[in-house]
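A short worksheet on the structure shown next.
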Amino acid sequence: MRRFAPLATGGGPIGRPLLISFAEELAHCFVVLAESPEIGKRYRRQSAIPAVRRVLLRATRYHVYYVPGSDAVAVLAVWHSHRGQSPTL
């Protein structure tokens, strides 16, 4: 499995950073969103969909764009922060 940027320091041998894959970080994000869907920041740019929020995956620098619902979270896009533009939502 491909590994990306450090998640945290201190867990590896002699202070080496712990590494996390994109899939691991995204899976963790989904768990957090299921438990606390209001955690993300409101997405303030124009969107045809009201109530869009986003959360940054810090280790891999992806944003997850989503809409919290009463019984589910709808993920609209997973977008890398270096693309230079926001997704069309």
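Side chains included, hydrogens not; waters and symmetry mates left out as well; all remaining heavy atoms used.
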If the condition is side chain to side chain contact (heavy atoms under 4.5 Å, CB included), which residues does Ile49 pass it with, not counting sequence neighbours? Ser47, Val52, Val67, Leu76

Sorted by first residue and then second, give each salt bridge (charged side-chain N to carboxylate O under 4.0 Å, His left out) pair with at least one member in residues 31-53; sequence neighbours left out. Glu38-Arg53

When hydrophobic residues are tied together by side-chain contacts of less than 4.5 Å, even through go-betweens, does Leu57 share a cluster with Trp79? no

Going by the rule ring-ring contact (aromatic ring centres under 6.0 Å, His included), which residues pair with His80 if we only count those two or more places apart in sequence or in a different chain? Tyr62, His82

Other hydrophobic cluster members with Val31, side-chain heavy atoms of Ile/Leu/Val/Met/Phe/Trp/Tyr under 4.5 Å, chained? none

Just verifying a value: how many Å separate His63 NE2 and Cys29 SG, rounded to the nearest 0.5 Å? 11.0 Å

If you take all heavy atoms of Glu25 and Thr60, which pair is closest and at what distance? OE1-OG1, 2.6 Å

Please list, chain by chain and in numerical order, all residues satisfying side chain to side chain contact (heavy atoms under 4.5 Å, CB included) with Ala77, sequence neighbours excluded. Tyr65, Pro87, Leu89

Salt bridge (charged side-chain N to carboxylate O under 4.0 Å, His left out) pairs touching residues 65-80, sequence neighbours excluded, are none

Looking at Pro37, is its backbone amide N or carbonyl O close enough to the side chain of Tyr66 to form a donor-acceptor pair, meaning the two atoms are under 3.5 Å apart? yes

Are Tyr43 and Val64 linked, directly or through intermediate hydrophobic residues, by side-chain heavy-atom contacts shorter than 4.5 Å (ILVMFWY only)? no

Please go through Leu56's hydrophobic cluster and name the other residues, only I, L, V, M, F, W, Y counting, with side-chain heavy atoms under 4.5 Å joining them. none

